[in-house]
Amino acid sequence: MADNSTNSAQTAESDKGYWQANLRLIYISLIIWALVSFGFGILLRPMLSGIAVGGTDLGFWFAQQGSILVFLALIFFYAWRMNKLDAEYGVEEE
């Protein structure tokens, strides 16, 4: 009976660590996404207007294409990192 409660406590602690790592990854991804899409594309656009990329200024590029490319990169990064995290905590898919 004591072994059962010990295993349950270890499982609960492992689950808590897994979700904390998952939430930390989500928060970091959301911060990067918000910074690139809202920050670079809207708020910092006047500061980035002097830098030319592909015939247009960098702020416009971030608003039109850069934020989408960063968002796609974040999706692939999140999937890759979650696969590593799943393997680390023993919850990977078969």
Side-chain angles (χ1 to χ4, degrees):
M1 189 66 115
D3 289 335
N4 213 7
S5 65
T6 304
N7 287 342
S8 177
Q10 288 174 346
T11 302
E13 186 175 322
S14 177
D15 289 348
K16 185 177 179 182
Y18 175 78
W19 282 109
Q20 284 178 343
N22 185 11
L23 289 176
R24 184 174 48 246
L25 183 60
I26 290 171
Y27 292 145
I28 290 169
S29 297
L30 284 174
I31 289 169
I32 292 170
W33 174 68
L35 178 68
V36 169
S37 64
F38 187 71
F40 290 164
I42 298 172
L43 296 177
L44 300 176
R45 185 164 187 261
M47 292 173 48
L48 299 173
S49 65
I51 304 169
V53 172
T56 186
D57 64 277
L58 187 59
F60 180 78
W61 184 84
F62 268 113
Q64 296 302 312
Q65 294 176 355
S67 60
I68 295 169
L69 294 175
V70 170
F71 183 65
L72 289 173
L74 281 173
I75 290 171
F76 287 108
F77 172 75
Y78 179 79
W80 170 75
R81 186 62 183 110
M82 280 306 298
N83 284 336
K84 285 183 68 173
L85 195 64
D86 289 348
E88 211 175 286
Y89 284 91
V91 293
E92 65 269 299
E93 295 177 7
E94 297 186 22

To the nearest 0.5 angstrom, please state how far the [atom1] atom of [X] sits from the [atom2] atom of [Y].
| X | Y | atom1 | atom2 | result |
| --- | --- | --- | --- | --- |
| I28 | L74 | CD1 | CG | 11.0 Å |
| L72 | F76 | CG | CZ | 6.5 Å |
| I26 | W33 | CD1 | CH2 | 13.5 Å |
| I42 | S37 | CD1 | OG | 7.0 Å |
| M82 | E92 | CE | CD | 11.5 Å |
| N83 | Y78 | CG | OH | 10.0 Å |

Given the rule that I, L, V, M, F, W and Y join up when any side-chain heavy atoms are under 4.5 Å apart, are [X] and [Y] in one cluster?
| X | Y | answer |
| --- | --- | --- |
| V70 | I31 | no |
| L69 | V36 | yes |
| L43 | I68 | no |

Atom of N22, atom of L85 and distance for their closest heavy-atom approach: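 Residues N22 and L85, closest heavy atoms: N-CD2, 3.8 Å.
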Specify the closest pair of heavy atoms between G41 and A63, including all atoms of both residues, with the distance to one decimal.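 Closest approach of G41 to A63, heavy atoms only: O-CB, 3.8 Å.
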Set of ring-ring contact (aromatic ring centres under 6.0 Å, His included) partners for Y89, sequence neighbours left out: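 Expected list: Y18.
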Could you walk me through whether F77 and L25 pass the side-chain contact (heavy atoms from CB on, under 4.5 Å) check? CA-CA 10 Å; F77 172 75; L25 183 60; 3.6 Å; yes
From W61, F62, F60, residue fulfilling side-chain contact (heavy atoms from CB on, under 4.5 Å) relative to L48: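 Of the listed residues W61, F62, F60, the side-chain contact (heavy atoms from CB on, under 4.5 Å) partner of L48 is F62.
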